[in-house]
Each structure stands twice: as structure tokens, then as C-alpha cells.
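This is a predicted model, so every value here is computed, not measured. Numbering of ligands and ligand atoms starts at 1, following listing order.
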Amino acid sequence: MNDRYVDLHTHSTASDGTLAPSEVVRLAAAQGLSAIALTDHDTVAGVAEATSAALSFGLDFLPGIEISAEFPQPGTLHILGYGIDPESPDLKNLTETLLAGRDNRNPKIVAKLQELGMQITMAEVEAEAKGGVIGRPHIAAILVRKGYANSMADAFKYYLAPGGSAYFDKERLSPRTAIEMIRKAGGLAVLAHPSQLRTTNDAELERVIKDLIDLGLAGIEVLHSDHTDRQVEQYTKLADRYGVLKTGGSDFHGSNKPTIPLGQAGGRRVPRAFYDGLVRALEQGRGYK
Ligand code: AMP
Ligand code: ZN
Ligand code: FE
Ligand code: FE
């Protein structure tokens with residue numbers, strides 16, 4: 001068993017991953033990881049199952065969530081919440097708000113695809129999501145299966161991503177509210193994959209990060225499948241300069257993102273120290289107001 005590595009960014013069937021929460025944990029154990037966090041989009045519905053799986057496989061586990069916040073296009077701002085209390089009323093309030101945004105958006109995407117001549121219904125999308133939070137990857141998977149797109153990437157490029165013909169945005173929380181709600185739910189807010197902010201220069205990136213830290217951000221995801229070596233170095237320096245936590249993960253989605261293996265962040269491994277840092281900060285109550 002290799003105790004030195006963890007994965008702090010994973011998705012299950014509770015959102016747009018293709019493995020059940022317990023299967024994600026089982027795979028992590030099979031790979032010899034010593035800890036994982038489940039960070040499904042907008043829900044903690046997979047946390048209970050993952051927690052008991054982690055217990056039986058002897059892995060350390062952190063409950064998590066990933067939420068999208070307002071940010072100017074073409075960038076996206078995702079905030080991870082670690083150590084949130086799955087029973088907290090504040091969390092319930094948060095996830096209900098986020099799900100309402102999706103319920104509003106998803107039928108618009110499907111209606112547009114129908115208008116473009118494709119045979120797809122909300123019922124099929126719901127079936128694809130198997131009761132989990134419905135995300136665009138579920139719609140993309142249907143488009144691929146029915147031959148309307150050659151790959152998940154193409155389904156996004158031509159239809160579902162900004163600039164695609166069936167793109168609709170969902171209502172998002174402001175970064176301030178997102179961070180505040182994660183903290184109220186007892187969690188630590190961490191900036192996910194800063195590369196996806198698509199900031200155009202180093203000064204702009206630093207300003208965004210500094211503003212988020214002023215709002216209560218506790219850490220930066222320095223290791224992620226999308227990051228280049230230069231970006232890892234840059235994000236590490238920023239985290240150290242501002243004295244916030246460093247985290248990392250694969251952003252595993254099972255076969256919805258076939259090029260991303262669990263436990264790998266762009267060919268890099270995520271050190272156990274990143275998990276320990278989060279746990280220590282939670283113990284010190286840094287997640288709480
Ligand atoms: P949603 O939460 O429904 O807005 O969908 C966002 C999810 O779609 C992201 O977390 C990714 O899993 C996936 N995604 C976004 N853009 C792309 C893309 N260009 N190619 C493949 N997957 C994507
Ligand atoms: Zn996703
Ligand atoms: Fe994300
Ligand atoms: Fe993610």
C-alpha cells in the first residue's frame with residue numbers, strides 16, 4: 001500500500017461521474033491511495049455511501065462539493081468545499097439553490113437540441129443521470145450514443161460549451177455567496193483548477209486569487225489534470241505567498257472523461273500532505289465562521 005498519495009477531486013454518479021461513490025472509493029483503494037475526497041457538482045448525495053465504503057476499505061475520506069460561481073467568460077470559476085457537514089441546514093439551502101439553477105437550464109438545452117432536429121428528451125437525460133444531479137456530460141453522452149457527436153469533446157464544442165449552438169448558462173452564485181455558504185456549512189473553500197479562470201496574465205490571476213482570499217478562500221487546487229508544469233509552479237507560489245492551503249486532484253469522472261485516471265493529476269501524484277493540511281485546518285475550525 002502506497003500511503004503517500006491521495007485524490008481530492010473526484011466525481012461519482014451522484015453528479016456527472018460514471019462510477020458509484022463506493023466504486024470510486026474501491027478504485028482508490030485498489031490504486032493504493034490513502035485518502036480521497038468526493039467532490040460532486042452541487043450535491044453531497046454520494047457522501048454517505050462513500051464514507052462507509054472508505055471505512056470498509058480503510059481509506060481516509062473527506063466529504064466535498066464543487067460549485068460554479070459567477071465569473072466573466074470565457075473563464076469558469078469553480079469552488080471546492082471540503083469538510084462540509086452533510087447534515088447542515090446551510091448546506092441544504094446551498095444545494096437546493098444550485099439544483100434550481102440546473103432545473104431551469106437543462107430543459108432549455110434539450111429544447112434547443114430538439115429544435116436543431118435531434119431526438120432527445122428530458123426523460124432520457126434523467127435516465128442517463130440515474131437520479132444524480134443532471135449535468136451537461138449526461139446530455140453529451142446521449143448525443144455521442146445517438147451519433148449526433150463523435151466524442152464528448154465534440155458534443156461540448158459544437159453544442160454544449162459556450163459558443164455551441166445549444167449552450168445555456170445556469171444561474172450561479174457570486175463568489176462571495178459561494179464561499180460564505182461553504183463556510184457556513186462548516187467547510188473550507190478552495191479554488192478549483194485556476195487554469196480554467198482563463199486569466200490573461202499573471203497580475204490578473206493574482207488579483208482574482210487575492211480577492212477570493214479576502215472573501216474567505218482557504219486554499220488553491222495547485223495540482224489538477226488540466227495544469228501544465230508552469231501552472232503548477234505558479235499556483236504553488238501564489239498559495240505559499242498568501243499562506244493558504246494547497247490541494248490537488250484528478251477531477252476523475254469515470255468514462256465521462258476517459259482521459260483522466262483516478263489518482264493522477266496530469267501525470268502527477270497528489271501528496272498526502274495536501275489531505276493532512278485540509279484536515280488540520282478543519283480541526284482548527286478554519287472552515288467555520
Ligand atoms: P454543468 O455542471 O452541467 O454545467 O457541466 C459542467 C461539467 O461538464 C464540467 O464539470 C465538466 O465535467 C464537463 N465539461 C465542461 N466543459 C467540457 C468540455 N469542453 N468537454 C468535456 N467536458 C466538459
Ligand atoms: Zn463534472
Ligand atoms: Fe470543475
Ligand atoms: Fe470537477
Side-chain angles (χ1 to χ4, degrees), residues 7-19 24 36-44 46 64-71 73-82 95 97-110 112-113 122 125-126 128-129 132-144 149-173 175 178 189-198 220-221 223-227 247-260 262 264-266 270:
D7 193 335
L8 303 173
H9 191 154
T10 68
H11 297 267
S12 74
T13 47
S15 67
D16 56 3
T18 55
L19 296 190
V24 176
I36 74 157
L38 187 69
T39 53
D40 276 307
H41 301 285
D42 299 356
T43 186
V44 291
I65 194 166
E66 180 175 22
I67 67 188
S68 316
E70 287 162 1
F71 198 72
Q73 278 189 17
T76 52
L77 169 52
H78 290 180
I79 299 177
L80 295 157
Y82 289 109
T95 52
T97 307
L98 296 169
L99 294 185
R102 286 179 184 275
D103 287 345
N104 206 351
R105 176 200 65 174
N106 295 329
K108 290 188 206 161
I109 300 177
V110 169
K112 183 67 193 187
L113 293 170
M122 265 315 288
V125 176
E126 278 158 19
E128 184 70 26
V133 169
I134 298 172
R136 286 175 291 163
H138 298 119
I139 301 174
I142 295 172
L143 297 183
V144 172
N150 286 323
S151 63
M152 297 289 283
D154 273 3
F156 272 91
K157 183 173 162 197
Y158 295 112
Y159 303 113
L160 303 172
S165 50
Y167 175 74
F168 289 91
D169 205 357
K170 57 184 185 290
E171 295 138 47
R172 291 157 199 267
L173 299 175
V190 170
L191 171 63
H193 42 62
S195 60
Q196 291 182 19
L197 296 168
R198 310 255 301 257
I220 300 173
E221 186 176 54
L223 293 175
H224 182 276
S225 298
D226 287 354
H227 296 170
T247 76
S250 59
D251 213 348
F252 178 72
H253 281 70
S255 56
N256 273 345
K257 289 197 180 173
T259 58
I260 299 181
L262 188 71
Q264 298 278 334
V270 180

For the student: nearest non-hydrogen atoms of I260 and S225, plus distance: CG2-OG, 3.5 Å
Exam field: side chain T10 to backbone A37, donor-acceptor pair closer than 3.5 Å: yes
Check: E221/H227 side-chain N/O donor and acceptor closer than 3.5 Å: no
Set of residues satisfying side chain to side chain donor-acceptor pair (under 3.5 Å) with respect to E128, sequence neighbours excluded: R145
side-chain hydrogen bond (donor to acceptor under 3.5 Å, both in side chains) between N256 and T18, worked out: CA-CA 6 Å; N256 273 345; T18 55; 5.7 Å; no
Residue shell around ligand 1, heavy atom under 4.0 angstrom: D16, H41, R102, R105, G135, R136, P137, F156, K170, H253, K257
Side chain D42, main chain L99, donor-acceptor under 3.5 Å: no
Close side-chain approach of D226 and D251, heavy atoms under 4.5 Å: no
In the protein, N/O/S atoms that are found under 2.8 Å from the Fe ion (ligand 4), waters not counted: H9 NE2, H11 NE2, E66 OE1, D251 OD1
Aromatic ring pairing H253/H41, orientation class (parallel under 30°, perpendicular over 60°, tilted between): tilted
Pairs where residues 156-169 contributes a residue and the test salt bridge (Lys or Arg N to Asp or Glu O under 4.0 Å) is met, not counting sequence neighbours: D169-R172
